[in-house]
Amino acid sequence: MAYWLMKSEPDTFSIDDLAKRPRKTTAWDGVRNYQARNYMRQMKRGDEVLFYHSSCDNVGVAGIAQVVREAYPDATQFDPDDSHFDPKSDPEDPRWDVVDIKFVKKLPEVISLEALKANAKLGDFALTRRGNRLSVLPVTAPQWRAILKMA
DNA sequence: GCCAACGTTGGC
DNA sequence: GCCAACGTTGGC
């Protein structure tokens, strides 16, 4: 079992949107960064995910989700009408993948980025490293436990 | 809206 | 392989 953090802009897709989906599940499409993709390829069914709200008034961890389907090709890369269309991706060897994640719970309050930065127990946390821009990040087991305690 | 920090692209 | 230009991310 591994732990991850996935970012989403709540104006586009929030933890509430995830809870409202059919079967409370969504394909995490649109990732177009190789490192983030590689992390998604490492994800296993049952892995747990911190659902993070970025670029909004209340930046931070908003809920918990779970991986319910492991990596498979992202359909949006082959759709010319989709903003994530990638003309260079070969259908025989797709460049971009998605995983399916399912809603587990919404936190009563967002754990703010400020509070995460202030928590020394998190140590070297990928999210708070300077210059971090990855939309999919690994979380260690001790970090996961420390963050849940903050909820 | 600003800007720092990246990743990607393409000419050479 | 280098690197400048460009586009994007994301906090503030």
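FYI, side chains are in, hydrogens and waters are out, and symmetry mates aren't considered; it's all heavy atoms of this structure. Within every chain, numbering begins at 1; the chains are lettered A, B, ... in the order of the sequence lines, protein sequences first and strands thereafter.
In terms of the salt bridge (Lys or Arg N to Asp or Glu O under 4.0 Å) criterion, residue partners of A:Arg129 (sequence neighbours excluded) are, by chain and number, A:Asp124. Residues satisfying the side chain to side chain donor-acceptor pair (under 3.5 Å) test with A:Ser89, not counting sequence neighbours, are A:Gln77.
Less than 4.0 Å separates DNA chain B from at least one heavy atom of each of the following residues of residues 81-92 of chain A: A:Lys88.
Considering every non-hydrogen atom in both A:Ser135 and A:Val31, the closest pair reads OG-CG2, 4.3 Å.
Screening residues 29-60 of chain A for ring pair (Phe, Tyr, Trp, His ring centres under 6.0 Å), with sequence neighbours left out, gives A:Trp4-A:Tyr39, A:Trp28-A:Phe51, A:Tyr34-A:Trp96, A:Phe51-A:His53. Contacts classified as ring pair (Phe, Tyr, Trp, His ring centres under 6.0 Å) and involving residues 54-84 of chain A (residues at least two apart or in different chains) are not found. Every pair passing ring pair (Phe, Tyr, Trp, His ring centres under 6.0 Å) that includes a residue from residues 116-151 of chain A is listed here, sequence neighbours excluded: A:Tyr3-A:Trp144. Sorted by first and then second residue, the salt bridge (Lys or Arg N to Asp or Glu O under 4.0 Å) pairs with a member in residues 93-102 of chain A read A:Arg41-A:Asp97, A:Asp86-A:Arg95; sequence neighbours excluded.
Protein atom CG of A:Asp57 is 15 Å distant from nucleotide atom C1' of B:dG1, rounded to whole Å.
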Using atom types as modelled, flag every donor-acceptor pair under 3.5 Å from a side chain in residues 56-70 of chain A to any protein atom, sequence neighbours excluded.
unit_1  : atom_1 : unit_2  : atom_2 : d
A:Glu70 : OE2    : A:Arg45 : N      : 2.8

Using the 3.5 Å cut-off, write out each protein N or O paired with an N or O of nucleotides 8-12 of chain C and the distance between them.
unit_1 : atom_1 : unit_2   : atom_2 : d
C:dT8  : O2     : A:Arg133 : NH1    : 2.8
C:dT9  : O3'    : A:Arg133 : O      : 3.3
C:dG10 : OP1    : A:Lys7   : NZ     : 3.0
C:dG10 : OP1    : A:Arg133 : O      : 2.9
C:dG11 : OP1    : A:Tyr52  : OH     : 2.7
C:dG11 : OP2    : A:Ser55  : N      : 3.0
C:dC12 : OP1    : A:Lys117 : NZ     : 3.1

